[in-house]
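Below: the structure, in structure tokens.
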Amino acid sequence: MEKAPATARENDFASGATVAVLVPLPLAGAYDYRVPDGITVALGDFVTVPLGPRQISGVVWAAGTGEVAADRLRDIVAILDVPPMPSAQREFLAWVSDYTLATLGSVLKLAMSVPAALAPPKPQTAYALGSATPDRMTPARSRVLEEVGAHPPRTAVELARAAGVTPSVVKGLANLKALIPVQLFPSAGFGQPDPSIEGPPLSAGQTQAAASLIAAVKASEFSVTLLDGVTGAGKTEVYLDAVAETLRAGNQALVLVPEISLTSQWLERFQRRFGAAPAEWHSDLTASKRRATWRAVAENNVQVVVGARSALFLPFPNLGLIVVDEEHDGSYKQEDGVIYNARDMAVVRARTGAFLTILVSATPSLETMVNTQSGRYGRVHLADRHGPAELPHMQTVDMRADPPPRGHWLSPVVTDAIGAELDAGSQAMVFLNRRGYAPLTLCRTCGHRMECPNCSAWLVEHRHTGHMECHHCGHRVRQPESCPECGAQDSMAACGPGVERVAEEIAALFPQARTAVMASDTVTGPAAAAEMVQAMANHEFDILIGTQIVAKGHHFPLLTVVAVVDADLGLSGGDLRATERTYQLLSQVAGRAGRAERPGRAFLQTYHPDHPVMAALISGDRDAFLAREAEDREAQKLPPFGRLVALIISGPDPGATETFARTVARAAPGQKGVRVLGPAPAPLSMLRGRHRHRLLLRAARSVNVQAYVRRWLEGVKTPSGVRLQVDVDPYSFL
Ligand code: ADP
Ligand code: ZN
């Protein structure tokens, strides 16, 4: 990595020069401003500029465009006291904007998500021991002095709390000079992970994999490596070696994870390995933590960040490695605002910063596999589980041959197996990727279905809260006692199972067992999730019933049996990745079983035991499955062998929305290798009160779809109230 000497400022602009300043608003470009007298600015500097009647912070993006006449130019108001945005990050933002077709200003907004962090942090007053001893010693005073002596400086409030006194006691001691004030900056709270601490001894295969990642870190150039290995192979141990190497080189590392609230076990491991916690980045941070973290990253005071996809936009001055854990996970796709795939953009960020990205998975995405086969990405492989652990034995349960009793959801084959494992002192996990009690409620008298008034979706019963809820917009109503349509009493029937209903069945079958339900609505926030994971690991539960959040990364040594209630659930619907995703999700769920000494078994309840996905899961021949999937996609010229861009047009008025969708379709330029399909009402034809229509662009790989869409939409005027979203490389087709 080439680094400019710390003192040289990139392209200084002196007083009187014109520079283009980009602001975090949905604008396509940067505006010209004059550098005022007495200061110089450089590319990347955060500055405040006037915009209309107000002032706004932005980034010095380029030399002035000259589009504003000299006499109408306005002055930059101030340079902000924060490290400039590194050029690698500016280049990255420009790339994201070009690729996703989002305006550059809205991409900048992702990188300036914490405006408060641009102001220097206000120091807090903390107290250390002074030289004087108070004449009069009280028990309260001596407790405070003891506390101060035993710990690093803390604020008056914190000290008082620790000593069990009022803050006035602390203030009193300060007046007597028994305590002296010291200025403390919030960012001082970040520990420094120590790369010299030895990790666990690695197996031969792990050592080889780690060596090749370390070499790629040392190369200090852009590259991508897939770390491919079955669940429990020790991929985390291996990539932590690459993190250690990055730290030794004095660079920062970023680890992206799909579900940050589920990383408690990961965080503990990191802490044990490096002697300090990484900084976390996710939506549950408090405002002050966000501010401190953003700033500490910019000031190079944070060496390792573990975060959700938005962590990619943090202002790392010295980034030297990105790890994308569970790279195949669909949650890396951001579906609102700037629509991007964090996995793909991590690769772009590695390119602009000239470093390594490691994509980690037991079930890599087809995109990534194709990239390894073509040689664009490297691949290191861990074939076996670590230590004595073996992969779980998988079997399908044919629901036609071994059906559950009427009104039940678990086959006797499964309940027998769970019973046997519980008797042996093991734990079980039951997986169903559907929250709530029942996905559909209908009236047995008139057939009325409970639907969301704002979305084309059914309301899902949540029995533990007594509500019916829309999983798309959050609309909630109380569970009706009579049919809202025909008024019939006791006529509403729950159809189909959600996790709550399965939990009810389990409780009836295994009244002695301690059970828990884990779903995003029953476990809210990282602390609650961590607690539940810990309780399961400690064997405080016998059976954990949950949605996909139980599938992710957990290590439960006593878990030996996993049952999938509806293995066919993800296969319906016209999604091009339906089979691939089902394979990934089910292998991940099954992979929770048998991770320690006791062997594991996984049962897949299905009505299609012969489906290629089931066959692949049973045989464990992932690569053959992927090869066939690749053949199918290639034959149909679907990604990654062709390109897709979705246009979603939505508005409150059905007529106006549909008319505009047709107008957009008609405006599509003819071009060889490009086909535009639609418009058609979206499968989710109404969402949050907006009617939705979709267009799908299909193009050959060689087509520059961004250039095409830009040309297409150039002359299109979106009527007010209507929204046009562009989704490059769509993952959702709803
Ligand atoms: P993966 O990320 O591939 O699913 P992990 O890194 O989580 O696998 O490893 C699975 C389990 O095996 C963890 O409990 C981990 O601590 C343990 N493990 C892996 N490699 C080693 C090793 N070399 N020494 C000791 N324990 C290991
Ligand atoms: Zn709704």
Side-chain angles (χ1 to χ4, degrees), residues 328-331 333 335 363 365-366 394 396-404 409-411 414 430-442 449-452 455-461 470-472 494-499 501-502 519 546-548 551 563-590 602-618 625-626 628-629 632-633 635-636 638-639 644 646 648 677-678 680-687 692 694 696 727 730-734:
H328 61 275
D329 200 284
S331 66
K333 185 74 192 288
E335 301 281 6
T363 51
S365 62
L366 190 60
M394 299 249 222
T396 51
V397 176
D398 186 339
M399 294 294 269
R400 296 162 307 185
D402 294 302
W409 314 102
L410 295 172
S411 162
V414 166
V430 178
F431 171 80
L432 174 60
N433 207 6
R434 201 188 267 142
R435 293 191 284 128
Y437 186 84
L440 167 66
T441 303
L442 56 74
R449 296 167 172 214
M450 295 294 291
E451 270 181 89
C452 177
C455 307
S456 44
W458 295 331
L459 293 177
V460 179
E461 178 181 352
C470 172
H471 285 182
H472 295 286
C495 302
V499 277
R501 196 171 199 176
V502 172
T547 60
Q548 53 164 341
V564 176
V565 176
D566 185 355
D568 308 329
L569 189 61
L571 290 174
S572 53
D575 189 324
L576 77 104
R577 294 185 183 83
T579 46
E580 182 191 350
R581 265 195 210 141
T582 299
Y583 184 87
Q584 289 161 344
L585 181 60
L586 297 186
S587 343
Q588 199 169 20
V589 182
F603 294 89
L604 311 174
Q605 295 194 155
T606 173
Y607 287 92
H608 308 283
D610 301 326
H611 192 288
V613 174
M614 305 306 156
L617 285 163
I618 300 308
F625 168 74
L626 279 174
R628 206 169 38 241
E629 188 69 16
D632 281 359
R633 296 243 198 115
Q636 299 180 64
L638 285 169
L644 296 180
I648 302 115
L677 311 172
L684 193 56
S685 63
M686 189 161 76
L687 178 63
R692 305 168 76 243
R694 295 182 68 103
L696 186 66
D727 182 358
Y731 273 64
S732 166
F733 297 86
L734 286 180

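For reference, positions follow the sequence shown, starting with 1.
Checked against side-chain contact (heavy atoms from CB on, under 4.5 Å), M394 has the following partners two or more places apart in sequence or in another chain: A590, A602, L617, I618. For H611, the ring pair (Phe, Tyr, Trp, His ring centres under 6.0 Å) criterion is met by no residue, not counting sequence neighbours. Applying the side-chain contact (heavy atoms from CB on, under 4.5 Å) test to P404 and every residue at least two apart in sequence or in another chain returns M399, H408. Listed by chain and number, the residues in a side chain to side chain donor-acceptor pair (under 3.5 Å) with D566 amount to none (sequence neighbours excluded). Considering only residues two or more places apart in sequence or on other chains, L687 meets the side-chain contact (heavy atoms from CB on, under 4.5 Å) condition with C455, H472, L684, R692. Scored by the side-chain contact (heavy atoms from CB on, under 4.5 Å) test, P683 finds R694, L734 as partners (sequence neighbours excluded).
We find the CZ-CG distance between F603 and D402 to be 11.0 Å, quoted to the nearest 0.5 Å. Separation of atoms CG (L638) and CD (E629) is listed at 10.0 Å; rounding is to 0.5 Å. One finds the OG1 atom of T396 at 13.5 Å from the OH atom of Y607 (value rounded to the nearest 0.5 Å). From R434, atom CZ reaches atom OG1 of T547 across 12.0 Å, with rounding to the nearest 0.5 Å. Atom CD of residue E461 and atom SG of residue C495 lie 10.0 Å apart, to the nearest 0.5 angstrom. Rounded to the nearest 0.5 Å, atoms OG1 (T363) and CD (Q584) are 4.5 Å apart.
The closest side-chain heavy-atom distance from D329 to Q548 is not below 4.5 Å. With a 4.5 Å cut-off on side-chain heavy atoms, K333 and D727 count as touching. Looking only at side-chain heavy atoms (C-beta outward), L626 and L366 come within less than 4.5 Å of each other. A heavy-atom distance below 4.5 Å is not found between the side chains of L432 and V430.
When every heavy atom of E580 is checked against every heavy atom of R633, the shortest pair comes out as OE1-NH2, 2.6 Å. In this structure, Q588 and A551 approach most closely via the heavy-atom pair CG-O, 3.3 Å. When all heavy atoms of Y583 and A616 are compared, the pair lying nearest together is CE1-CB, 3.7 Å. Of all non-hydrogen atoms in E335 and Y731, the two that sit nearest each other are OE2-CB, 4.2 Å. Between T582 and A567, the closest heavy-atom pair is CG2-O, 3.8 Å. For W458 against R449, the heavy-atom pair with the smallest separation is CZ2-NH1, 3.1 Å.
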Determine whether V589 and N433 satisfy the following criterion, side chain to side chain contact (heavy atoms under 4.5 Å, CB included), listing intermediate values before the conclusion. CA-CA 11 Å; V589 182; N433 207 6; over 6 Å; no
Test side chain to side chain contact (heavy atoms under 4.5 Å, CB included) on Q605 and L410 and set out the steps. CA-CA 8 Å; Q605 295 194 155; L410 295 172; 4.1 Å; yes
Is there a side chain to side chain contact (heavy atoms under 4.5 Å, CB included) between M614 and D568 once you walk through the steps? CA-CA 9 Å; M614 305 306 156; D568 308 329; 3.5 Å; yes
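Although no hydrogens or angles enter the test, the distance criterion places a donor-acceptor pair under 3.5 Å between the side chain of S456 and the main chain of S685.
Ion pairing of R400 with D398 is present here, as a side-chain N (NZ or NE/NH1/NH2) and a carboxylate O approach within less than 4.0 Å.
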